[in-house]
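Input: a single structure, listed below in structure tokens.
These numbers were taken from a predicted model, which means no experiment stands behind them. Chain A is the first sequence line, chain B the second, and so forth, proteins listed ahead of strands; every chain is numbered from 1.
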Amino acid sequence: MINETPRVRFAPSPTGYLHVGGLRTALYNYLFAKRNNGTFVLRIEDTDRNRYVEGAVENLIKALNWAGLNYDEGPEVGGNSGPYLQSERLDIYKKYADELIEKGKAYYCFCTPERLKSLKEEQEKQKLPQAKYDKHCLNLSKEEIANNLAAGIAKVVRLNVEQNNTIKFDDIIREHVEFESNNVDDQVLIKSDGYPTYHLANVVDDHLMKITHVIRGEEWLSSTPKHVLLYDAFGWERPIFAHLPLLLNPDRSKLSKRQGDVAVEDYRDKGYLKDALINFVALLGWNAGDDKEFYYMDDLISCFSLERVNKAGAIFDLQKLNWLNAEHLRKKSDSELLEMLKSEIQKSKFKNGNYSDKFLLLIIQSMKERVSFIKEFIDTCTYFYEAPTEYEQKAIEKNWKPDIPDQLIKLKEEIASLNNPTKEDYEHALAKVSEELNVGKGKLIHPLRLAVSGQSTGPGMFDLLFILGKDEVVKRIEAAVKSISV
RNA sequence: GGCGCGUUCGUCUAGUGGCUUAGGACACCGCCCUCUCAAGGCGGGGAUCACGGGUUCGAAUCCCGUACGCGCUACCA
């Protein structure tokens with residue numbers, strides 16, 4: 001099996017959105033498949049009818065595609081091992097459950113929820129180490145079973161776990177793991193509604209779909225003995241397991257909605273780049289063994305290996321994500337940024353404004369080093385899109401001296417006299433006025449910036465003037481001189 | 001409670017018995033650059049490697065125990 005080209009799968013249950021932990025699991029599966037020329041399968045684990053969510057599968061696929069995790073087989077794209085929705089494979093599970101019953105590895109259970117409940121309560125009262133099903137229905141006679149079946153009494157199928165065994169298996173990340181079979185419950189395999197539980201379905205499907213490596217979250221480690229028992233009962237070869245460490249909240253509990261955003265859609269909507277999210281999540285629990293921190297998907301593919309995945313959970317730290325987002329943003333070409341900015345403008349209050357590509361490109365070039373998110377090309381520098389309506393109070397106090405208005409008027413006149421000024425022309429104009437007035441350039445620049453942008457921070461002064469253009473600069477200086485008073 | 005997994009700067013991590021006075025990155029602080037803010041460069045603080053025992057000439061690295069955290073303990077996945 002190891003020599004075959006690997007086939008891996010991401011098997012989420014459709015809860016309505018893609019969890020970032022799920023994104024990381026999917027990513028590691030994808031990277032492993034691509035790295036080894038293998039196949040990445042998407043399988044939807046929708047065997048819980050109570051949890052059915054409208055449109056969930058579509059959302060999941062959309063999020064996966066957005067992140068660039070394109071699967072080779074699965075819903076919508078098809079493949080030779082379908083169907084890829086477990087709800088469409090019910091007859092298959094039934095067949096294999098029957099095979100298990102025949103072999104004595106599983107059995108019908110007719111116990112009512114009430115009996116199960118009181119059994120559990122009784123066991124808890126006796127302070128038994130663990131609450132387990134008591135195999136009551138394993139002792140039913142053939143006649144009793146036949147009668148119950150014929151009478152249509154509600155039933156489930158349970159795994160018949162042999163006692164006093166040690167269940168052993170290997171895991172790429174955890175190495176060797178052992179469980180005592182006495183601690184393993186006779187898990188329900190087929191529910192009373194005829195749907196399989198995860199345990200049966202995932203084993204049957206992984207085998208039928210020829211999955212070679214099961215790469216999933218650590219929350220599955222405890223139920224792996226059940227899966228191992230099933231492989232053995234069927235006489236099937238076990239896949240290679242790799243249980244990934246969990247993603248954590250800042251308080252080290254399992255990453256959850258309560259403590260922030262968990263859906264990849266949330267991050268997408270907040271303006272995170274898919275490259276940054278992928279880069280970040282890849283590094284949560286894995287590294288190549290060197291100091292490299294900036295990766296594109298292709299780089300990840302070429303150096304990923306399961307052997308280098310960590311054992312311990314990792315806190316999802318927004319600060320580092322933000323930094324990576326800025327890094328990835330700066331690596332984008334101006335034309336890519338232009339397209340992103342244009343669609344961002346459509347979502348902003350400036351959507352009705354008429355801005356040329358040339359103008360927006362100038363904004364991008366001047367602001368690129370100063371932003372972490374696309375939307376900051378708008379809201380950290382609204383002065384590019386509209387004249388300032390108010391002026392930063394602190395900056396007024398610091399730089400707006402009594403003789404400033406007169407000086408700025410002089411500068412304004414100088415600028416007004418320029419013909420089609422370049423950035424350098426503005427610079428010369430300011431130098432000239434500062435000399436005539438005998439004041440330092442800095443004494444002029446700061447109030448000028450305030451007058452023209454309303455702020456004390458931003459791109460280089462002369463870039464700013466050039467981008468705004470002569471007429472706008474003149475207008476803004478006049479407006480500022482009128483409205484700013486100390 | 002039981003079972004399982006884990007534990008290196010605040011966070012992500014390097015480290016697989018001597019190269020380590022434990023390295024890098026994010027964040028933080030300072031300096032340089034400079035018209036501001038960034039970016040960039042340089043530097044700084046920050047980890048008794050969870051704790052306690054062993055093994056060894058030598059341990060973050062191997063073994064045992066303890067503590068703590070997390071996961072599982074469903075006719076959920």
query = So, is A/Asn310 close to the B/A14 phosphate, meaning a side-chain N or O under 4.0 Å from OP1 or OP2?
reply = yes
message = If I pick the C1' atom on B/G1 and the same atom on B/G44, what distance separates them, to the nearest angstrom?
response = 50 Å
Sidechain-backbone polar pair: A/Tyr133 side chain, A/Cys137 backbone, donor-acceptor under 3.5 Å = yes
inquiry  = Can you check the distance between B/C64 and B/C5, where both ends of the measurement are the P atom (answer in whole Å)?
reply    = 12 Å
ask   = In whole Å, what is the span from the OH atom of A/Tyr107 to the C1' atom of B/C75?
value = 13 Å
query = When we call it a touch if two heavy atoms are under 4.0 Å apart, what does A/Glu178 touch: a base, just sugar-phosphate, or nothing?
reply = sugar-phosphate
ask   = Could you state the CG-C1' distance from A/Leu283 to B/U11, rounded to the nearest angstrom?
value = 13 Å
task = Show the numbers, then the answer: is there a ring pair (Phe, Tyr, Trp, His ring centres under 6.0 Å) between A/Tyr198 and A/Trp220?
result = CA-CA 11 Å; A/Tyr198 171 86; A/Trp220 297 110; 4.1 Å; yes
ask   = Counting only N and O atoms by type, is there a donor-acceptor contact under 3.5 Å from the side chain of A/Lys368 to the main-chain atoms of A/Lys332?
value = yes
Of A/Glu45 and A/Arg449, the one whose closest RNA chain B nucleotide lies more 5' = A/Arg449
key: Nearest-nucleotide pick for A/Lys320, side chain only, options being B/A74, B/G6, B/G24   = B/G24
A/Tyr28 (side chain) donor-acceptor with A/Ala282 (main chain) under 3.5 angstrom = yes
query = Under 4.0 angstrom, heavy atoms only, what part of the nucleic acid is A/Gly217 near: base, sugar-phosphate, or nothing?
reply = nothing
inquiry  = So A/Thr457, base contact, sugar-phosphate only, or nothing? Heavy-atom distance under 4.0 Å.
reply    = base
key: Nearest-angstrom distance from the residue atom CD of A/Gln123 to P of B/A74   = 10 Å
query = Is A/Arg115 near enough to B/C75 that one of its side-chain N or O atoms lies under 4.0 angstrom from OP1 or OP2?
reply = no
query = Between B/A77 and A/Thr47, is there an OP1 or OP2 to side-chain N/O distance shorter than 4.0 Å?
reply = yes
query = A/Lys254 side chain N/O closer than 4.0 Å to the phosphate oxygens (OP1, OP2) of B/C72?
reply = yes
message = Expressed as a whole number of angstroms, how long is the span from A/Leu464:CG to B/A38:C1'?
response = 14 Å
request  = Report the C-alpha separation of A/Arg9 and A/Asp206 in whole Å, then their side-chain angles, then the decisive distance to 0.1 Å, and conclude whether the salt bridge (charged side-chain N to carboxylate O under 4.0 Å, His left out) test is met.
outcome  = CA-CA 8 Å; A/Arg9 80 319 192 260; A/Asp206 284 343; 2.9 Å; yes
request  = With heavy atoms under 4.0 Å as the rule, sort A/Phe179 into base, sugar-phosphate or nothing.
outcome  = sugar-phosphate
request  = Tell me what A/Arg51 touches on the nucleic acid: a base, only sugar-phosphate, or nothing, going by heavy atoms under 4.0 Å.
outcome  = base
task = Would you please confirm or rule out a distance under 4.0 Å between OP1 or OP2 of B/A14 and any side-chain N or O of A/Asn287?
result = yes
query = So does A/Arg308 get a side-chain nitrogen or oxygen closer than 4.0 Å to the phosphate oxygens (OP1/OP2) of B/G15?
reply = yes
Backbone of A/Thr422 reached by a side-chain donor or acceptor of A/Asp425 within 3.5 Å = yes
ask   = Within this structure, what is the CG-to-P distance between A/Asn325 and B/A27, rounded to whole angstrom?
value = 13 Å
inquiry  = Given B/U7, B/A38, B/A77, identify the nucleotide with an atom nearest to the side chain of A/Ala312.
reply    = B/U7
Spacing of the C1' atoms in B/U55 and B/G17 (rounded, Å) = 11 Å
ask   = Rounded to the nearest Å, what distance is computed from the NZ atom of residue A/Lys398 to the P atom of nucleotide B/C35?
value = 14 Å
query = If you look at every strand shown and take non-hydrogen atoms under 4.0 Å, does A/Lys120 touch a base, only sugar-phosphate, or nothing?
reply = sugar-phosphate
ask   = Side-chain N or O of A/Lys292 less than 4.0 angstrom from OP1 or OP2 on B/G24?
value = no
inquiry  = Taking the minimum atom-to-atom distance to the side chain of A/Val177, which one of B/C5, B/A38, B/G24 wins?
reply    = B/C5
note = Per atom distances to the A/Lys191 side chain, the nearest of B/G10, B/C76, B/A25 is B/C76
ask   = Between A/Lys311 (NZ) and B/G6 (P), how many Å, whole number?
value = 5 Å
Pairwise C1' distance for B/U8 and B/U13, with rounding to whole Å = 9 Å
